[in-house]
2 protein chains.
Amino acid sequence: MKKAAATRLNILQKAFELVYVKGYQTTSIDEILSTTQVTKGAFYYHFKNKDEMGIAIINELLKPTFEINFLEPLRNLTGDPLVMLYDMMYGILMENEVMTVEHGCPASNFTQEMAPWNVDFTAALNGLSNQWKQAIADAVERGKQNGYVRQDVDGEQVAVFVLSGYWGIRNMGKLVNNESVYVTYLQQFKSYLESLR
Amino acid sequence: MKKAAATRLNILQKAFELVYVKGYQTTSIDEILSTTQVTKGAFYYHFKNKDEMGIAIINELLKPTFEINFLEPLRNLTGDPLVMLYDMMYGILMENEVMTVEHGCPASNFTQEMAPWNVDFTAALNGLSNQWKQAIADAVERGKQNGYVRQDVDGEQVAVFVLSGYWGIRNMGKLVNNESVYVTYLQQFKSYLESLR
DNA sequence: ATAAAAACATACCAATTAGTATGTTTTTGA
DNA sequence: TCAAAAACATACTAATTGGTATGTTTTTAT
């Protein structure tokens with residue numbers, strides 16, 4: 001990797017970590033500089049301003065890992081979508097190494113914090129959200145064709161419902177700061193999915 | 001009402017409106033002062049600092065309306081808890097006059113924004129959340145005794161699942177900024193509740 | 001090798017922030 | 001009525017913020 005690209009990536013990764021733990025607005029540029037050992041000149045060479053860096057975090061860090069964890073499993077799916085959905089949710093909540101109960105889901109955090117006053121952030125995040133929604137809806141519809149899912153089930157409805165549950169349990173996790181809520185949630189999530197058969 | 005109490009309430013109400021729309025950290029004290037026409041001296045007479053005002057918003061504004069909209073309906077319940085849960089969710093999402101799709105749920109916003117760095121806020125909000133959870137769980141358990149709900153359903157699981165859905169759909173609403181997601185959510189919420197019979 | 005461009009470094013600045021110091025006015029209780 | 005306390009007003013401050021101006025160093029292409 002070129003050295004300049006390494007600098008940029010270093011900024012993005014460290015900044016992401018800070019923003020994930022502390023929130024975007026309470027993470028100052030000076031703080032990013034001191035943890036990256038990058039100077040202000042270098043920072044503003046790579047990013048026009050703070051918000052452009054924020055968008056870059058979404059597009060260059062969140063988006064790719066989101067693709068791998070949230071979309072790929074659903075797209076390559078041939079078998080039972082309900083089992084798949086549960087396994088995916090279990091993996092994301094219980095086995096993901098980046099996200100913690102205490103700090104929730106980066107995408108969700110960003111949404112909550114930025115939606116009221118930054119259109120660009122919201123648009124970028126809405127893109128991710130919509131992709132996930134569509135992938136779930138499609139998987140459910142395919143499941144209907146393969147006899148895994150009842151015919152009167154609506155894929156889009158399920159997708160919105162599942163997404164809501166995910167955003168919500170992440171939020172709740174931050175509040176109670178204990179993985180046990182994830183377990184409770186997953187139990188009922190399984191029951192819910194079974195009710196779609 | 002005493003004049004001093006009116007000043008305090010005025011600050012809290014206007015500050016709440018600003019915080020709800022713009023977020024807590026991006027709402028400056030100076031901004032609160034200019035919209036309330038209250039001077040800094042008066043503000044700091046009533047509140048030790050900004051965070052104490054934030055806590056007061058939770059305890060003196062959010063909590064009471066939360067009691068009325070989220071708890072009372074569940075506690076005074078004798079009939080079908082599943083119908084009640086749907087009606088309550090419908091009322092909160094579609095008919096509440098304070099909350100909008102664009103700005104979501106104040107309690108949820110607070111949680112997301114403050115959890116990473118303010119213990120007091122989180123504790124206060126966790127109190128509200130737990131009360132709601134317990135009220136839902138109790139209602140479901142009573143519903144089991146009255147034959148409205150299947151015996152193998154777990155009240156606490158349902159409560160966590162319902163709460164998650166609510167937090168989540170509020171978050172999603174902010175993202176897409178369109179009430180139609182509420183409608184979609186409610187449809188599936190109804191199906192889910194029916195599956196508990 | 002060398003000029004030009006890319007990449008980075010340092011010192012600064014204007015604006016905003018929460019909060020304080022020090023007043024004045026208003027209310028209250030005896 | 002009148003002193004004391006409550007309630008409010010004004011001017012200020014120290015720290016932090018995102019961002020810029022102006023450099024120097026490093027890389028790249030010829």
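Naming: A, B, ... by sequence-line order, numbering from 1 per chain. These numbers come from the heavy atoms of this one structure, side chains and all, not from hydrogens, waters or symmetry mates.
Qualifying ring pair (Phe, Tyr, Trp, His ring centres under 6.0 Å) partners for A/Y24, counting only residues two or more places apart in sequence or in other chains: A/F121. With sequence neighbours left out, A/E60 forms a salt bridge (Lys or Arg N to Asp or Glu O under 4.0 Å) with A/R8.
The interatomic distance linking B/F43 (CZ) with D/dT10 (C1') rounds to 17 Å, in whole Å. Note: CD (A/Q37) to P (C/dT10) measures 11 Å, nearest angstrom. Per the geometry, CD1 belonging to B/I32 stands 11 Å off P belonging to C/dT17, to the nearest Å. Atom pair A/F47:CZ and C/dC8:P shows a separation of 11 Å (rounding to whole Å applied). One interatomic measurement links the two molecules: CG of B/L33 to P of D/dT10, which rounds to 12 Å at whole-angstrom precision.
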**OP:** Would you please test B/K40 and B/D30 for salt bridge (Lys or Arg N to Asp or Glu O under 4.0 Å) and show each step?
**Re:** CA-CA 8 Å; B/K40 205 157 241 187; B/D30 284 341; 3.1 Å; yes

Between side-chain atoms of residues 179-186 of chain B and protein atoms elsewhere (two or more places apart, or another chain), which donor-acceptor pairs fall under 3.5 Å?
unit_1	atom_1	unit_2	atom_2	d
B/S180	OG	B/N178	OD1	3.2
B/Y182	OH	B/R170	NH1	2.8
B/T184	OG1	B/S180	O	3.1

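Checking the phosphate oxygens (OP1, OP2) of D/dC8, a side-chain nitrogen or oxygen of B/H46 falls inside 4.0 Å.
Counting only residues at least two apart or in different chains, side chain to side chain donor-acceptor pair (under 3.5 Å) contacts with residues 116-129 of chain B comprise B/D51-B/N118. Sorted by first and then second residue, the pairs that involve residues 90-100 of chain A and meet side chain to side chain donor-acceptor pair (under 3.5 Å), not counting sequence neighbours, are A/T100-A/H103.
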Please write out the pairs of protein N or O atoms and N or O atoms of nucleotides 18-26 of chain C separated by less than 3.5 Å, giving the distance to one decimal.
unit_1	atom_1	unit_2	atom_2	d
C/dA18	OP1	B/K50	NZ	3.1
C/dA18	OP2	B/I29	N	3.0
C/dG19	OP2	B/Y44	OH	3.4
C/dG19	OP2	B/K50	N	3.0
C/dG19	N7	B/K40	NZ	3.2
C/dG19	O6	B/K40	NZ	2.8

